[in-house]
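Lettering follows sequence order; numbering is per chain, from 1. Keep in mind it's a predicted model, so treat the numbers as computed, not measured.
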There are 2 protein chains.
Amino acid sequence: MEWSIQELARAAGTTSRTLRHYGQLGLLPPTRIGRNGYRYYDRESLLRLQRILLLRELGLGLPAIAEVLDGQRDTAVALRTHVRLLEQERQRLARQIESVTTTLRRMEGGEQLMAEEMFDGFDHTRYAGEVTQRWGRDAWEKGDRWWRSLSDAEKKAFQQQQLDIAADYGRACLAGRSPESDEVQAITRRHVAWLSSTTTPTKGYLVGLGEMYVADPRFTANYDRHGAGTAVLVRDAMKVYAERHLRD
Amino acid sequence: MEWSIQELARAAGTTSRTLRHYGQLGLLPPTRIGRNGYRYYDRESLLRLQRILLLRELGLGLPAIAEVLDGQRDTAVALRTHVRLLEQERQRLARQIESVTTTLRRMEGGEQLMAEEMFDGFDHTRYAGEVTQRWGRDAWEKGDRWWRSLSDAEKKAFQQQQLDIAADYGRACLAGRSPESDEVQAITRRHVAWLSSTTTPTKGYLVGLGEMYVADPRFTANYDRHGAGTAVLVRDAMKVYAERHLRD
DNA sequence: GGTTGACTGTGACGCTACGTCAACTTTTAC
DNA sequence: GTAAAAGTTGACGTAGCGTCACAGTCAACC
């Protein structure tokens, strides 16, 4: 008993393109190829295809499926590894959803924007130091223009972003990550991106700001509410980031 | 005041490659291009880039961001649309995780496999009708061989798959979907794929099976426990699917 | 025997948002 | 003057196929 590619596809509820794809990957080679080049499959192929589709429904990648089918990996082990990835993805999604809905909810509530709350405890647009040196005397005015150019939703999002970053630092601190770790540095990259909305983060600015996070109780409180020691982690992470990526 | 691509990228916490990409999409064109071909950006560019990165962090796609920045769409509207997509994705993920973990848990529990439970109330490998006509007398034996070829995890997954399919039918029924709807037909495609593990679903087989789902109380109970009327929906959906895709 | 229609084959592009070379030119620094 | 740093365009890779385009094969009907 032998089927053409279309027949097998229909029997298994998939498409011929998919079967060609699997053939190309070596995941499901045809059992026979006719002189005309046609692919033919037998019952064994159908069984193998079933296992492939079953595992694919669980979200496994095709290379992982290939290993399972070839007996190189145990199905249960592969699934356990896989479910961890799914969990991570779910958490990432959940945080993103929370971030967006919070932004929206605040926006719809028509909540007033308070400058102090918008930032990490400090209005960087008004920080005269580096800013005025770099931008001249109209820097302040432009900072205001920038701020007014944002829609309400974006203002809220901007605020939310800072809260998210602080929360992520807090989680990393709890998890015992070092300031040099990729994980923490990734947060710092977002942190710098966020900062750069309002000022130009140079090496000196970043290091100095980090010091202030620890020295000034307003900043410290802002970060340490996510867990004691977070502000210190932030400071160290900023120093590492500045030395790796920034100049001036 | 003007920056090179690298300077802008560092200021905003992103990469020059990203800026070139945005330039290519027309999302963030350079304000000036030197005779040497170098891209130069100004303060407006930075502000625009900030808005882009902010929305990107919320998970919006670049085309959607472009519409928001160009004022074609309201930020809040875009975010609300977006959050619905995120929710859907989260539900999909949650179901998949549940499916995998349930499979694993049952496997670890060493639960006995009962043939009746494995299927939708009917052991298709033993259905003598179409099967023997098509496969001859050793069909039965091959069905058994197929079954034994599966690992424990896969047996459980197979079982779980049927439960998931029935549950999805139930949800679709509750939501009032018609048998012809894309949503229901997509479930039926999975249903047929599942069936084809054990038998060869021809047009006649599928239609007949659908009738049995409604006529035989064991089947009906199996589907209607997800909501009254589900079995009927399944029957109609199978008929539609069979006439659209199958022959014999 | 010719035409039609259903299938088949092999490429190859598209999708997301860039990362990562490669090959080559310009600017900057010593 | 030369080498390092930064700039350019171009192209591939990513996951898993969907979707043409172009061409050959096969069974059926007139």
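- Residues of residues 31-38 of chain A having a heavy atom closer than 4.0 Å to DNA chain C, listed by number: A/Gly37, A/Tyr38.
- Atom CZ in B/Arg39 sits about 17 Å away from atom P in D/dA6, given to the nearest Å.
- The side chain of B/Arg17 places no N or O atom within less than 4.0 Å of a non-bridging phosphate oxygen (OP1 or OP2) of D/dA11.
- Taking the P atoms as reference points, C/dG14 lies 16 Å from D/dG10, given to the whole Å.
- Side chains of B/Gln6 and B/Ser4: a donor-acceptor N/O pair is absent below 3.5 angstrom, by distance only.
- Counted within 6.0 Å of CD on B/Glu98, heavy atoms from surrounding residues, nucleotides or ligands total 12 or fewer; the atom is thus considered open.
- As a whole-Å value, the separation of A/Ile52 CD1 from D/dG16 C1' is 13 Å.
- A distance of about 26 Å separates the P atoms of C/dG9 and D/dA15, rounded to the whole Å.
- The backbone N or O of B/Val234 lies less than 3.5 Å from no partner atom in the side chain of B/Thr188, so there is not a single donor-acceptor pair.
- Of the residues in residues 18-25 of chain B, those placing a heavy atom less than 4.0 Å from an atom of DNA chain C are B/Thr18, B/His21, B/Tyr22, in numerical order.
- Contact check for A/Arg190 versus A/Asp168: side-chain heavy atoms found under the 4.5 Å cut-off.
- A salt bridge does not link A/Glu87 with A/Arg84: every distance from a Lys NZ or Arg NE/NH1/NH2 to an Asp or Glu carboxylate oxygen is 4.0 Å or more.
- Atom-to-atom, CD1 of B/Ile5 to C1' of C/dT27 comes out at 16 Å; the value is rounded to the nearest Å.
- Using a 4.0 Å heavy-atom distance criterion, B/Ser16 is classed as making no nucleic acid contact.
- One interatomic measurement links the two molecules: CG of A/Asp182 to P of C/dG19, which rounds to 15 Å at whole-angstrom precision.
- Neither side chain, A/Tyr241 nor A/His191, offers a donor N or O lying under 3.5 Å from an acceptor on the other.
- Using a 4.0 Å cut-off between a side-chain N of Lys or Arg and a carboxylate O of Asp or Glu, B/Asp164 and B/Arg171 do not qualify as a salt bridge.
- Between the P atom of D/dT8 and the CD atom of B/Gln6 lies a distance of 9 Å, rounded to the nearest Å.
- The CZ atom of B/Arg189 sits 10 Å away from the P atom of D/dC17 (whole-angstrom rounding).
- B/Ser181 and B/Glu183 are not linked by any side-chain donor-acceptor pair at a separation below 3.5 angstrom, with hydrogens and angles left out of the test.
- At the heavy-atom level, A/Thr15 lies under 4.0 Å from the strands shown only through sugar-phosphate atoms.
- A/Leu8 has its CG atom 15 Å from the C1' atom of C/dT8, to the nearest Å.
- Atom CD in A/Glu7 sits roughly 9 Å away from atom P in C/dC7 (whole-Å rounding).
- A heavy-atom distance below 4.5 Å is found between the side chains of B/Leu46 and B/Arg43.
- For C/dT10 and D/dT14, the C1' atoms lie 23 Å apart once the distance is rounded to whole Å.
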